[in-house]
Each structure stands twice: as C-alpha cells, then as structure tokens.
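Only one structure is covered here, and it is reproduced in the block below.
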There are 4 protein chains.
Amino acid sequence: MNTKRSANRRNKKELILEKAIEVFARKGSQQTTIADIAHAAKIAQGTVYVYFDSKEALLNECMQVIIGPELQGIIDSTKDIPDTMERLYEFFVKHITLVKEKPYIARFLTMEARQNEDFYSQYPDYNPLKRYIDHVVLNADIAIAEKRIRSIDTHAFAILLVGAMDFAMSMWLIQKDNLDIVAIAANIRDILKYGIND
Amino acid sequence: MNTKRSANRRNKKELILEKAIEVFARKGSQQTTIADIAHAAKIAQGTVYVYFDSKEALLNECMQVIIGPELQGIIDSTKDIPDTMERLYEFFVKHITLVKEKPYIARFLTMEARQNEDFYSQYPDYNPLKRYIDHVVLNADIAIAEKRIRSIDTHAFAILLVGAMDFAMSMWLIQKDNLDIVAIAANIRDILKYGIND
Amino acid sequence: MNTKRSANRRNKKELILEKAIEVFARKGSQQTTIADIAHAAKIAQGTVYVYFDSKEALLNECMQVIIGPELQGIIDSTKDIPDTMERLYEFFVKHITLVKEKPYIARFLTMEARQNEDFYSQYPDYNPLKRYIDHVVLNADIAIAEKRIRSIDTHAFAILLVGAMDFAMSMWLIQKDNLDIVAIAANIRDILKYGIND
Amino acid sequence: MNTKRSANRRNKKELILEKAIEVFARKGSQQTTIADIAHAAKIAQGTVYVYFDSKEALLNECMQVIIGPELQGIIDSTKDIPDTMERLYEFFVKHITLVKEKPYIARFLTMEARQNEDFYSQYPDYNPLKRYIDHVVLNADIAIAEKRIRSIDTHAFAILLVGAMDFAMSMWLIQKDNLDIVAIAANIRDILKYGIND
DNA sequence: GATGAATGAGCTTTCATTCAT
DNA sequence: GATGAATGAAAGCTCATTCAT
C-alpha cells in the first residue's frame with residue numbers, strides 16, 4: 001500500500017518535473033505558466049502545488065535534475081579514458097551529443113541558467129557550467145603534472161573549452177541546420193592542441 | 001520648425017532608448033515595466049507608446065542600439081592595427097574593457113539576447129555575437145592568407161574566441177570580484193597562440 | 001464492540017473539536033485551514049469530513065461546545081451564592097478568571113461570534129452572550145423582587161454588565177500587559193452599586 | 001486641467017472608499033473580494049489598485065475614514081455642552097443615532113475592528129473605541145475635578161460606558177427590531193447616575 | 001472508518017496597452 | 001505630441017472538498 005502510494009507520489013512528481021522541463025525548455029521559464037505545465041502533465045493546476053512550493057521551486061528542481069544526473073553522467077562516463085586530453089575531448093563530444101539528443105538541456109544551460117541571477121547568488125555551486133569548469137581545470141592540472149601538456153593557465157583553458165562548448169550550443173540552438181557541431185569540435189581540438197602559430 | 005520638431009522627436013526617442021537600456025540592463029527585460037522606464041525618463045507611460053509600438057519593439061531597438069554603435073565601435077577601433085593577431089587580441093581586450101565600463105552591455109549580450117528566441121529566428125543577423133564571429137573569421141582568414149598563422153578552421157577558431165569572451169563575461173557578471181578578466185585574456189591568448197602541447 | 005466503536009467515534013470527534021477550538025482561537029477561523037486542524041489532531045484531512053459536513057459546521061460545533069459547558073458552567077457555579085448581587089459579581093469575576101485561563105474562549109466570544117452573522121440570524125439563541133444577558137436579567141429581577149436593589153431597567157443593567165465584560169475582554173486580548181482586569185472588575189462593581197453621583 | 005484631473009482623482013478614490021465601506025460592511029472584509037468592490041463602484045478591478053496598494057490597505061483606509069471624521073465628529077459635536085455628564089450622555093446618544101443611520105459603522109467598529117489583531121498591534125492608536133475610552137476618561141476626570149460626580153475609577157467607568165455602547169450596537173445589528181436602543185440609553189444613564197442600590 | 005492525493009473554482013495582484021483630454 | 005487614469009486579461013497560488021484505495 002504504502003510503497004504503491006509512495007511510488008505513485010514519486011511518479012507523479014517525476015511526471016511533473018519531466019513535463020515542466022519540456023515546457024520550460026520550449027517556451028522559456030518566464031513565458032511558461034503553471035497552467036501550461038499542468039496541461040502538459042494532464043493534471044490540475046493545484047496538483048503542481050502538492051509537489052512543489054512555487055513555480056520558482058519547480059524551476060529550480062528542474063535545473064538540478066538536469067545539472068545533476070545529466071551533466072555529472074557525462075563527466076562520469078569519460079572517467080576511465082586514460083589519456084587526459086583524450087578524456088577532455090570525449091567529454092566535449094559527449095556533451096555535444098547529449099545536447100543534440102536533448103536540446104532542452106542546452107536551453108536550460110544557455111538560457112535559463114543565465115536568467116536566474118538570484119539563484120546563482122544564493123547557490124553559486126549550482127551553476128551548471130561551473131561544474132564543467134571545475135572538471136576541466138582538474139583534468140588539465142593532472143595533464144600538466146603528467147607532463148602530457150605544457151604548463152598553461154588551466155582556468156583560462158577551461159574558460160576557452162567550456163565557453164566554446166556553450167557558445168557552440170547557443171548558436172546551434174538558433175541555426176541547427178547550418179552548424180556541423182561535430183566537425184567544429186574536431187577543429188577546436190586541433191587549435192587547442194597545436195595553437196594557431198605556424 | 002520642422003527640423004526643430006524633428007530634433008525634439010529624435011531626442012525624446014533617444015532619451016527613452018537610453019533610459020530603457022539602463023533599466024532593462026539593471027532589472028532584466030522581463031522584470032522591467034513600462035512604468036519603470038517612463039519613470040526613469042521622467043515621462044508619462046503613454047508617451048512611450050508614441051515612439052514605440054510595444055514593449056517588445058522597444059527592447060528590440062535597444063538591442064540594435066547596443067549591437068550597432070557599441071560593438072561595431074570596437075571592431076572599427078581596432079581596424080588599423082597592422083598585425084592581424086594583435087588586432088584580434090586588441091579586439092578581445094577592448095571588448096572586455098567595454099563590458100567592464102558598461103556592464104549593461106554584457107547583460108544584454110549574455111542574457112537578454114538569449115531570451116528572445118523569436119527575435120533571433122526572425123532576424124538572425126541581429127544576433128550580436130554573430131557580428132563578432134564574422135569579424136574574427138574574416139581576420140583569421142586574412143592572417144592565414146598572410147601566412148601569419150597556420151591554416152586552421154577559422155570558424156572553429158571564432159567560436160573558441162568569441163565563446164570564451166562571452167563565457168568569461170557571464171562569469172564575471174556573476175562573480176565580479178573573483179575574476180581577473182584581463183589576466184585571463186592574456187592567458188587565453190597564449191593558449192590560442194601556442195597550443196597546449198609541449 | 002459497538003460501544004467501543006461508538007466510544008472511538010465520540011473520542012475522535014471530540015479530539016477534532018478540541019484541536020479545532022485551539023487552532024481557530026489561535027489563528028481566527030478565516031485564517032485556519034482544514035489542513036491546520038488535521039495536522040493539530042494528527043489525522044488526515046479527509047477524516048475531518050467523516051465527522052463534520054463542512055468547515056462551517058465544524059466551527060459552529062466548536063462555538064456550541066464553548067457556549068454550552070464553559071459559559072453555563074460559570075452560571076451554574078455561582079448558583080448557590082445567596083446574595084443576588086454578590087452572585088452577579090462572582091459571575092463577572094469567574095468569567096474573567098475563565099478567560100484569563102482559557103483566552104481562546106475570549107477569542108471566540110469577542111471575535112468569531114461576531115463574524116458569523118448568518119449563524120446568528122439562523123440560530124439567535126446560540127449567541128453566546130445572549131445567555132449571559134438572560135442570566136443577568138433573571139438575577140436582577142430577583143434582586144428587585146427581594147428589594148435588594150432598587151427598581152431599575154434590568155435589560156439595560158444586563159447590557160451594562162455584559163457589555164463591560166465583553167469590552168474589557170476585547171481590550172485585554174489586545175493589550176494583555178497593561179490591563180489589570182481584576183481591579184477593573186472591582187471598580188465597575190463600585191460604580192454600578194453606588195452610581196457616580198455624590 | 002490639473003484641478004479637474006485632481007478632482008476626478010479624489011472623487012474616484014472617494015467613490016472606491018465609499019463603495020468599499022458599503023461592501024465590507026455588508027459581507028465582512030474577508031468575504032469581500034476586490035471584484036465585489038470594483039463591481040459596486042462600476043470600475044475595473046485594476047482601477048482599485050491605482051488608488052490603493054492592496055486590499056488590506058483599502059480596508060485600513062476605510063477604517064480610518066470611519067474612525068476619523070465620523071467618531072471624532074461625535075466627540076466634537078458634544079464639545080460645547082456645559083454639563084460634563086450631560087455631555088457624555090449626549091455623546092452616547094449621538095453615537096447610537098449615528099449607528100442607526102449608518103449601520104455599516106457599527107459593523108466596522110464591532111466586527112472588522114476585532115479581526116485585525118495585526119492591525120491593532122501595529123497601530124494601537126487606530127483602535128477606534130480607544131478614542132472613545134480616552135474621551136470618556138478625560139471628561140469623567142473633569143467631572144470629578146468639578147465635583148459634579150464623586151471620585152470614581154474613570155477607566156472602569158469608561159469601560160462600562162463604551163462597553164455598553166459597543167455591546168448594544170452588536171445586539172442591535174443582530175436583532176434590530178426588538179431593541180429600543182434609545183430607551184436603553186436612558187436607562188443606562190439612570191443606572192450609572194444613581195447606582196442600583198436603594 | 002481513515003486516508004491524503006487530487007481537484008478546480010476563486011482569490012489577489014500585475015502591467016502592457018488604450019484613449020479621452 | 002503628451003498625459004496618466006483606466007482597463008481587463010492573465011498570472012501564481014490557496015484550500016475546502018471529494019473519492020479511490
């Protein structure tokens with residue numbers, strides 16, 4: 001009984017989260033109404049408030065669902081690649097692949113994330129791309145220690161890499177057809193590796 | 001008379017635009033009301049609608065004012081630097097300087113710009129950073145032709161450079177104190193120049 | 001079995017009533033939600049509706065519980081005081097004592113009771129202070145018949161006495177600290193007894 | 001121009017206040033919706049918010065309108081009666097007359113006033129009947145100094161008088177037909193003057 | 001009987017937009 | 001052109017009540 005009830009509860013909450021992510025991503029959080037989400041989930045508006053305190057709380061949980069499993073999943077899935085730079089490259093590619101499969105993630109990362117300044121100020125660690133930055137810095141530090149790359153400023157390197165990822169995503173969202181994002185990834189790798197100098 | 005009237009008209013329209021940019025940048029366009037702007041410009045709310053069809057039209061004109069003079073100004077002011085790569089680096093630095101002086105520009109470029117998907121879809125060329133991308137691609141192509149740099153994919157290079165600029169700006173907006181954006185610029189230059197390989 | 005069941009039923013209903021009185025008195029009936037009461041009674045919201053038809057019905061039963069045992073108790077406990085006026089004074093004092101011990105009673109008498117105009121119109125006899133008025137009139141009539149007091153308008157006298165009690169309670173609810181309600185009672189007695197004339 | 005506009009503004013605000021008092025008095029503030037008031041004033045709901053910050057602010061202004069001019073008017077209009085006790089009696093009678101003419105005042109004084117505990121805590125001086133209490137205390141003190149009445153506790157006396165007024169109003173609101181409130185006033189005067197003792 | 005998730009009508013409040021002056 | 005009072009649609013949110021379990 002309890003387990004079934006509890007399962008229903010979790011399912012309903014997850015259903016709302018899932019639909020909310022969809023709608024938020026499609027319309028933007030400001031343009032999305034609770035009525036939109038309730039309609040998408042085929043529930044009454046009031047039901048949303050059974051599971052979430054407010055629209056803002058719902059949005060925050062959506063972001064954490066994305067930031068948590070999805071982004072961490074990418075970091076984790078590349079963990080075992082031995083070559084450090086290969087690992088970062090794979091990380092880059094997997095991120096792009098994820099975004100191509102679930103464009104709403106890009107939507108959250110590049111758009112919603114930037115609007116919630118208050119959210120950031122309160123929980124700076126939830127900044128989704130901050131996690132990426134940390135990951136890149138960590139790996140680049142290792143690569144330097146292992147003498148696989150020269151001694152560079154790893155924070156600047158992380159901004160280059162993550163900034164390029166983020167920007168490529170943004171552009172891809174707008175002009176999907178004209179952007180071969182996978183080819184771009186390979187070329188970015190080449191530039192970062194050898195530089196632009198002769 | 002006519003010219004004077006016309007001048008008044010232009011002045012009042014420019015006054016509204018100027019104040020709107022200020023308020024939009026400070027509060028975000030969604031949080032900004034027409035009343036806020038009218039108050040900032042010390043005019044009546046109805047007057048805004050004498051010069052602009054709607055709030056959205058006003059926002060769009062604000063973006064064009066920024067994208068136009070301000071960003072083009074940076075491109076133009078670095079036009080005469082002879083060395084191509086030096087020119088791009090100066091462009092990068094001037095952009096950062098501009099943003100540090102007028103943070104509302106960053107606000108528009110990194111936040112507002114991404115919210116107006118409709119705007120983009122309708123007018124893809126108004127994408128502010130698109131102009132930067134074009135500028136970087138153009139210059140990198142020249143640099144290759146002049147054999148100042150090796151033959152790279154200039155589009156990927158542009159994404160790296162502009163993406164890093166944009167991302168650094170975003171981070172700087174959130175955590176101004178902990179980000180020495182000028183030092184980062186220098187380190188990014190170094191990485192792009194020589195690559196990370198030994 | 002049946003008796004036990006019935007006892008359980010009565011117990012649960014009394015539990016709800018008891019907790020409802022507490023919560024209604026603390027927050028006011030309008031600010032109180034069924035969820036508040038269910039929470040206070042540690043039962044499910046739906047259970048409230050097993051015993052009461054509606055929130056309003058619950059409130060009405062609460063009022064009757066208070067008007068019944070509590071107020072009647074005061075009347076009864078002073079029944080045996082032989083001197084009529086002494087009896088009324090004691091009645092006054094006991095009422096004050098009761099209210100000081102159970103302030104939620106004052107809350108109901110002075111606040112909730114006045115809001116339910118519909119309730120009154122339907123059941124005028126449930127007006128809690130009406131019972132007091134009747135009691136005072138009855139006793140004053142007796143006192144006159146016994147020639148303990150002069151022939152006054154006993155209804156006016158009852159309004160004076162009960163009105164003063166009610167008003168003193170109201171003020172005491174608002175500014176508990178600054179009102180020595182017992183001293184006031186003694187002084188009111190003196191005025192009523194001898195009048196204000198020299 | 002300005003004066004006409006300004007006059008319109010004041011008129012509209014007064015119109016809203018007037019209608020709000022009517023509706024609040026008829027339905028109670030909690031049961032009254034902004035839509036009710038807007039409908040009564042034949043304006044749009046939003047217009048209410050042009051003149052008042054919130055429903056609560058509107059209610060507060062309603063109370064002040066009543067507490068201010070109306071109650072003070074009674075106090076003022078009896079100022080010139082030379083005999084102190086006669087003055088207080090006239091004050092009592094005028095209050096009753098006012099309430100009979102504008103029953104909504106009674107509604108506010110006896111009902112709304114008691115519900116807004118928060119309001120009281122914040123602005124204890126706005127307590128409408130507090131003003132009456134002060135007035136009675138002041139006059140009774142004078143009467144004692146003038147040796148027109150004996151030395152009584154004037155605060156207790158004020159509670160008797162104002163409490164009786166308030167209670168009589170409450171009862172009259174509920175059972176208008178069966179209460180000759182003017183006769184009661186005369187009898188209350190008699191009791192207070194000579195006491196109940198032989 | 002007991003539960004509590006689900007409901008949806010109804011509330012207050014906001015604000016882009018209009019229009020008589 | 002300029003005004004700002006007026007509008008009313010639409011939003012987020014609450015909560016008494018219901019009903020399948």
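Below, chains carry the letters A, B, ... as their sequence lines are ordered, and counting in each starts from 1.
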Rounded to whole Å, how long is the line connecting atom [atom1] of [X] with atom [atom2] of [N]?
| X | N | atom1 | atom2 | value |
| --- | --- | --- | --- | --- |
| Phe24(C) | dA16(F) | CZ | C1' | 12 Å |
| Lys13(D) | dG4(F) | NZ | P | 18 Å |
| Asp53(D) | dC15(E) | CG | P | 13 Å |
| Asn60(C) | dA16(F) | CG | C1' | 16 Å |
| Ile34(C) | dA5(E) | CD1 | P | 17 Å |
| Phe52(A) | dG12(F) | CZ | P | 15 Å |
| Asn11(A) | dA6(E) | CG | P | 10 Å |
| Lys27(A) | dA11(F) | NZ | C1' | 12 Å |

Residue pairs meeting salt bridge (Lys or Arg N to Asp or Glu O under 4.0 Å), one or both in residues 40-55 of chain D, sequence neighbours left out, come to none
Checklist line | Within residues 57-67 of chain C or reaching into it, pairs that qualify as salt bridge (Lys or Arg N to Asp or Glu O under 4.0 Å) - sequence neighbours excluded | finding: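 Salt bridge (Lys or Arg N to Asp or Glu O under 4.0 Å) check on residues 57-67 of chain C returns Lys13(C)-Glu61(C).
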Check: Side-chain N or O of Tyr49(B) less than 4.0 angstrom from OP1 or OP2 on dT17(E)?
Finding: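 Answer is yes, contact under 4.0 Å.
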All stems that DNA chain F takes part in, i.e. 3 or more consecutive Watson-Crick or G-U pairs with distances under 3.5 Å, are E:2-21 with F:2-21
Sorted by chain and residue number, the side chain to side chain contact (heavy atoms under 4.5 Å, CB included) partners of Glu70(C) (sequence neighbours excluded) come out as Leu98(C), Lys102(C), Tyr104(C), Ile105(C)
Taken in chain and number order and not counting sequence neighbours, the residues that satisfy side chain to side chain contact (heavy atoms under 4.5 Å, CB included) with Ile16(A) are Lys12(A), Ile37(A), Ile43(A), Tyr51(A), Phe52(A), Leu58(A)
Shortest side-chain distance from [X], nucleotide among [options]:
| X | options | result |
| --- | --- | --- |
| Lys55(D) | dA2(E), dT17(F), dT13(E) | dT13(E) |
| Val50(A) | dC13(F), dG1(E), dA6(E) | dA6(E) |
| Lys12(B) | dT12(E), dT14(F), dA2(F) | dA2(F) |

DNA chain E nearest-nucleotide lookup for Ser54(B) and Lys42(C): closer to the 5′ end is Lys42(C)
Checklist entry - Can you name the closest pair of heavy atoms from Ala20(C) and Cys62(C) and give their distance? => result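 So the two residues come closest at CB-SG, 3.7 Å.
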Ala41(A) and Leu15(A) have their tightest heavy-atom pair at O-CD2, 3.8 Å
Only counting residues at least two apart or in another chain, list the ones meeting side-chain hydrogen bond (donor to acceptor under 3.5 Å, both in side chains) with [X].
| X | result |
| --- | --- |
| Glu22(D) | none |
| Glu18(C) | none |
| Thr33(A) | Asp36(A) |

Contact nearer the 5' end of DNA chain F, comparing Asp36(A) with Val48(D):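 Mapping each residue to its closest nucleotide by heavy atoms, the 5'-most match is Val48(D).
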Which atoms of nucleotides 8-10 of chain F (N or O only) lie under 3.5 Å from a protein N or O atom, and what are those distances?
residue : atom : partner  : partner atom : Å
dG8(F)  : N7   : Gly46(D) : N            : 3.4

